[in-house]
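Inspection log for the structure reproduced underneath, given as structure tokens.
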2 protein chains.
Amino acid sequence: MRLTTRGRYAVTAMLDLALHAQDRPVSLAEISERQTISLSYLEQLFSRLRQSGLVASVRGPGGGYRLVESSANIWVADIIDAVNESVDTTNCQGRGDCQSGSICLTHHLWEDLSQQIHNFLSSISLADLVAKRNVQDIAHRQVTQLLTLDENVRANAC
Amino acid sequence: MRLTTRGRYAVTAMLDLALHAQDRPVSLAEISERQTISLSYLEQLFSRLRQSGLVASVRGPGGGYRLVESSANIWVADIIDAVNESVDTTNCQGRGDCQSGSICLTHHLWEDLSQQIHNFLSSISLADLVAKRNVQDIAHRQVTQLLTLDENVRANAC
DNA sequence: CTAATACCCGAGTATTTTAGTCAACTAATA
DNA sequence: TATTAGTTGACTAAAATACTCGGGTATTAG
């Protein structure tokens, strides 16, 4: 899980979309102007967002992009995953052939933390950010997820 | 809050330190070998970690680095903050002079999300990662923090 | 005392990522 | 049919990342 400016741009653009695509599609030119992100860069980002099934395009005059699902079903983690290619963070590529056990251990610990961050961002929807409600719901989902963490951890291999 | 490979290296190195600095200092050469991170790069990272007061150095033969505080008091967010310089993620530099309200709104929403991520990583200590216990404690802290989120949000300005 | 250890520091550099440009194209519609 | 707006790919400047090199300095084992 990486969190760079690229992901920030994507989340910002999706937030703009969620705020403005109530009935009609929203063109990238609009988002570009409102959020001061270059049009061509938005095109690259939305190409990936479209391939990931988060948005759908409408061509021609009056066209633009719209959310495929309700903003309540779009998670921040999905947006960030869509625009970032995933990287292997271990040295042994998960083969588990590290020389000393300590290497595997720290890799393992990092992977676990990374998973926790991912779970966290998978519990926050665009609608949560926009509506600014449901904070207790988010917290509740967090508890549920973190309480099942031990099982995930046991299933991991270096 | 950025989460890049740089922060990953820092957390990995600090984890290595927490695992091995039980009594004696740990040299960067050891960490370099175990975690396959270049020595000079580690020197740069630990320079910042030292300036942030997270580690202390011991010079001379048998020297190295040690944690200033117990690993239970070192939070993942502190490590990542130490090695990354903070960036302003708004277009109006917090002056609030964006033309349309929608720009300020999305900036605001992103800032809020960023703060939530920071809070989350501020609730996980090195010791949590190592010990792999206290998951319920983490969850509990999460609840507490997220429930106070609304106040923070109200205090924000674009 | 001195040689070895290991931190300290700054300059420089290769690589990758980011962010953006440009140009040609296709689909849809007014 | 002209215009709008997405689609795609190649290309590029700028920044960040990851790393190297070459000197330092403090400490200590011998």
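Atoms considered below: every heavy atom in the structure, side chains included; atoms not considered: hydrogens, waters and symmetry mates.
When the C1' atom of D:dT4 is taken as reference, atom CZ of A:Arg24 falls 15 Å away, rounded to whole Å. Distance CD1 (B:Ile31) to C1' (D:dC19): 17 Å, rounded to an integer number of Å. Atom pair B:Leu3:CG and D:dT17:C1' shows a separation of 15 Å (rounding to whole Å applied). Here the C1' atom of nucleotide D:dG6 and the CZ atom of A:Phe46 are 12 Å apart, to the nearest Å. Taking atom CD on B:Gln35 and atom C1' on D:dC19, their separation rounds to 17 Å, with Å as the unit. In this structure, CD of B:Glu43 is placed 14 Å from P of D:dG22, rounded to the nearest angstrom. The separation between A:Glu30 atom CD and D:dT4 atom P is 14 Å, rounded to whole Å. The separation between A:Leu49 atom CG and D:dT8 atom P is 13 Å, rounded to whole Å.
Across all non-hydrogen atoms, the minimal contact from A:Gly63 to A:Pro25 is C-CB, 3.8 Å.
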Polar atom pairs between nucleotides 17-21 of chain C and protein, under 3.5 Å, N or O only, would you list them?
{"from": "C:dT18", "atom 1": "OP1", "to": "A:Thr4", "atom 2": "OG1", "distance (Å)": "3.3"}
{"from": "C:dT18", "atom 1": "OP2", "to": "A:Arg6", "atom 2": "NH1", "distance (Å)": "3.1"}
{"from": "C:dT18", "atom 1": "O3'", "to": "A:Thr5", "atom 2": "OG1", "distance (Å)": "3.3"}
{"from": "C:dA19", "atom 1": "OP1", "to": "A:Thr5", "atom 2": "OG1", "distance (Å)": "2.4"}
{"from": "C:dA19", "atom 1": "OP2", "to": "A:Thr5", "atom 2": "OG1", "distance (Å)": "3.2"}
{"from": "C:dA19", "atom 1": "OP2", "to": "A:Arg6", "atom 2": "N", "distance (Å)": "3.3"}
{"from": "C:dA19", "atom 1": "OP2", "to": "A:Tyr41", "atom 2": "OH", "distance (Å)": "2.8"}
{"from": "C:dG20", "atom 1": "N7", "to": "A:Gln44", "atom 2": "NE2", "distance (Å)": "3.0"}
{"from": "C:dG20", "atom 1": "O6", "to": "A:Gln44", "atom 2": "NE2", "distance (Å)": "2.6"}

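Proximity of B:Tyr41 to B:Arg6: side-chain heavy atoms (C-beta onward) are separated by under 4.5 Å at one or more points. Inter-residue side-chain proximity for B:Val26 and B:Arg34 is flagged as met; some heavy-atom pair is nearer than 4.5 Å.
A:Ile31 and A:Val58 fall into different hydrophobic clusters, defined by Ile, Leu, Val, Met, Phe, Trp and Tyr side-chain heavy atoms under 4.5 Å apart, directly or through other members.
Side-chain atoms of A:Asn119 and A:Ser122 include no donor-acceptor pair closer than 3.5 Å.
Residue pairs meeting the side-chain hydrogen bond (donor to acceptor under 3.5 Å, both in side chains) criterion with at least one member in residues 46-56 of chain B, sequence neighbours excluded, are B:Ser47-B:Gln51, B:Arg48-B:Glu85.
Looking at the side chain of B:Arg50, the nearest of the listed nucleotides C:dA4, C:dC9, D:dT4 is C:dC9. When distances are taken from the side chain of A:Arg59 to each of D:dT25, D:dT7, D:dT4, the shortest belongs to D:dT7.
Phosphate proximity of C:dC8 to B:Ser57: present, with a side-chain N or O under 4.0 Å from OP1 or OP2.
Tested against A:Leu54 for a side chain to side chain contact (heavy atoms under 4.5 Å, CB included), the candidates A:Leu49, A:Asp81, A:Val68, A:Leu67 yield a single pass: A:Leu49.
A:Tyr65 comes within 4.0 angstrom of the backbone, heavy atoms only, and of no base.
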